[in-house]
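Numbers here are sequence positions counted from 1. Hydrogens, waters and symmetry mates play no part in the numbers below; they use all other heavy atoms, side chains included. Owing to the predicted nature of the structure, the values given are computational and were not obtained by experimental measurement.
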Amino acid sequence: MLINLKTSLHKPPSITICLLSSLFLLGCRDSGTGNQGSTESHPPVGAGGETTLGEIGQSAPEREWAEIDNPASDGWESEVRAEEARRQLERLTTLLLNGTPATEGDLSDILAPGFKGSLLRPQNPVVVFEDSGVRVERAKQNLEKTGDFAGAVTAVAEEFRGTVDSHSKIKVLQVGMGTGETEDPPVFTTTQLVSLTGKTPAGVVEHHARWIAHWIPQANGPPRLSHLEVRDFERSVVRQSWFADCSEATLGGNPDYGAQILRGMNHWLERIPFRAALNRMGTPGLALGDINGDGLEDLYLCQEPGLPNLLFLQRNDGTVKEVSADWGVDWLQDSRSALLVDLDNDGRQDLAAAIFGALVLARNEGDRFAVQAVLPTSESTTSLTAADYDRDGKLDLYLCAYSPDRSLDADPQALGPLGARFVFHDAENGSPNSLFRNEIAPGESWKFTNVTTATGLDAHNTRWTFAASWEDFDNDGDPDLYLANDYGRNCLFVNEAGPDGTVHFRNIAPTAGAEDSASGMSATWGDYDRDGHMDLYISNMFSAAGSRVTARSQFKPSLSPDLRRKFQHFARGNTLLRNLGNPGNPTFQDTSVAAGVTIGRWAWSSLFADLNNDGWEDLVVANGYLTGTSGGDL
């Protein structure tokens, strides 16, 4: 995604499913259609406990899970309606993408008598961004009403005529039940984000909008639309992509590319000796750096446990050669992240690799790496960062960690929200992170000292940290540290260096408005508004199902309003924090919604970068988890 900025033993309600774990880990039917004209093969949602068509031929356990996942059996009428609405809207978006004129007959099973609707694209949009390859338009206001809805559908269909690889995505954010007391059955409303995309002769066309839909349930069959209004419309045309996929051209000449890299995660989970929960998520990292001094960036790729890590040297023609065995770094350990950085100040890029329970440090000797130290750490390591936190001229290392290893305990515990007594919104039972001070002296053995406690970074240090990012956000000349934590509050540690060179870190996130309590997975700094102060973007997880369910009074009815807002924040998505630059009183303002950057889907990572060299920081968001054959994805 590119963004330009100018679970309990008692049966729970099927959709709440134990502390929201399924909302964020399973997605709860939040999905979209696949290729043009296709829809997902979900079984029909039963109105009660009867067997549905999708359950015919299922085994007893399968039927049991189908019942658990049936919101109608638990009284979650709003979720039943959300699914019905989504399927009806998929029928409508299929018409929009099929490229042929729509007729009243095409819409007869979707629209109610007396239907009132708006245009589906504006007549006079405003261009908000354009360069040689990309054009972005937006509607000036909510779209106009129309008495010819078939014509409105046709207008969009004509634009997608001749498309290939077209898709739609519908995310139902809210369901309003019973807008009147006299209707039988009661009418309801849904608010959803609708996206259309397809490759046309003019380029890749995308439509994004918020649809407000009013529905009339039917005694037999799906509900019908009585009213539809379109808001926040945006259209983009990508005539020339900024990027081209060169994976095969660069890596394809190496046997490892087809034998290892191209095989999916599920393939390796059936074969590798994994023991950690994160292995199921495909979390190995990579590092770039010029290790042989030829001016070309080389690549070190971590892999799953039991698979060798791979080192690729870049050639002048842009292809790479795999040399991990020759350089002594084809390690089989469970590697999580790596850095290529000069640790001993000899001008060569050394290698630091985080593995399960340790940090491995290897010196670059010109034609191979030699391991100098293996530092003990928490078990489930995640990301690794480097910075000269004490400004002594040597790079120090900060290593994040996630969950304690309980796999070999006499009473093994499940990961995260599936474990006993887990506080989903404010977890403090993760593994501790580590700060290692670089104390390498010329001509001596490498030495790194764990100074986590000495520097104050042992505070709030068990918060399931996925990522760390260094930046001098307060412009005082020393690097500060932000931690993106899963299941709760993030930390912003300000560097308070004393006159004698000693450093102490203090967490100011609560007072600075930077906690962003959610499912933090990455953080990136950048001055997006060009005011001289570094701003912060945090990757979280967007969940339409979470937005719907946490808004209902059925969801944990004893929650205080403040705690309910925290759960709702978990579902909102990514966060952009603007640094207000207050000297002596650091303050951040949440500008995520205004900037339109909350929806990064399941956002594992993100990066500020000026992609088109126009002087403005853009955002790249790496998202996704699993994609099924039905077209649905998380």
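Taking Trp327 as the reference, Phe369 meet the ring pair (Phe, Tyr, Trp, His ring centres under 6.0 Å) condition, with sequence neighbours excluded. Looking at residues two or more places apart in sequence or on another chain, you find no ring pair (Phe, Tyr, Trp, His ring centres under 6.0 Å) involving Phe493. Applying the ring pair (Phe, Tyr, Trp, His ring centres under 6.0 Å) test to His460 and every residue at least two apart in sequence or in another chain returns nothing. Not counting sequence neighbours, Ser236 has no partner by the side chain to side chain donor-acceptor pair (under 3.5 Å) test. With sequence neighbours left out, the salt bridge (Lys or Arg N to Asp or Glu O under 4.0 Å) criterion links Asp529 to Arg578.
Proximity of Val374 to Leu359: side-chain heavy atoms (C-beta onward) are nowhere separated by under 4.5 Å. Side-chain contact check for Arg437 versus Asp392: some heavy-atom pair is nearer than 4.5 Å.
Side-chain atoms of Trp604 come within 3.5 Å of backbone atoms of Gly624 as a donor-acceptor pair (strictly under, hydrogens ignored). Side-chain atoms of Asn438 come within 3.5 Å of backbone atoms of Leu343 as a donor-acceptor pair (strictly under, hydrogens ignored).
More than 12 non-hydrogen atoms from other residues, nucleotides or ligands lie less than 6.0 angstrom from NZ of Lys394. Atom CD of Glu365 has more than 12 neighbouring heavy atoms from other residues, nucleotides or ligands inside a 6.0 Å radius.
Asn495 and Tyr389 share no donor-acceptor pair across their side chains, judged by distance under 3.5 Å alone.
Contacts classified as side chain to side chain donor-acceptor pair (under 3.5 Å) and involving residues 308-319 (residues at least two apart or in different chains) are given here: Tyr300-Asn309, Asn309-Ser335, Arg315-Thr319, Asp317-Thr319.
Taking all atoms of both residues into account, the shortest heavy-atom contact from Ala352 to Leu361 is CB-CD2, 3.6 Å.
Using a cut-off of 4.0 Å between Lys/Arg side-chain N and Asp/Glu carboxylate O, Arg572 and Asp590 are scored as salt-bridged.
For the atom pair Leu399 CG and Ser337 OG, the distance stands at 6.0 Å (nearest 0.5 Å).
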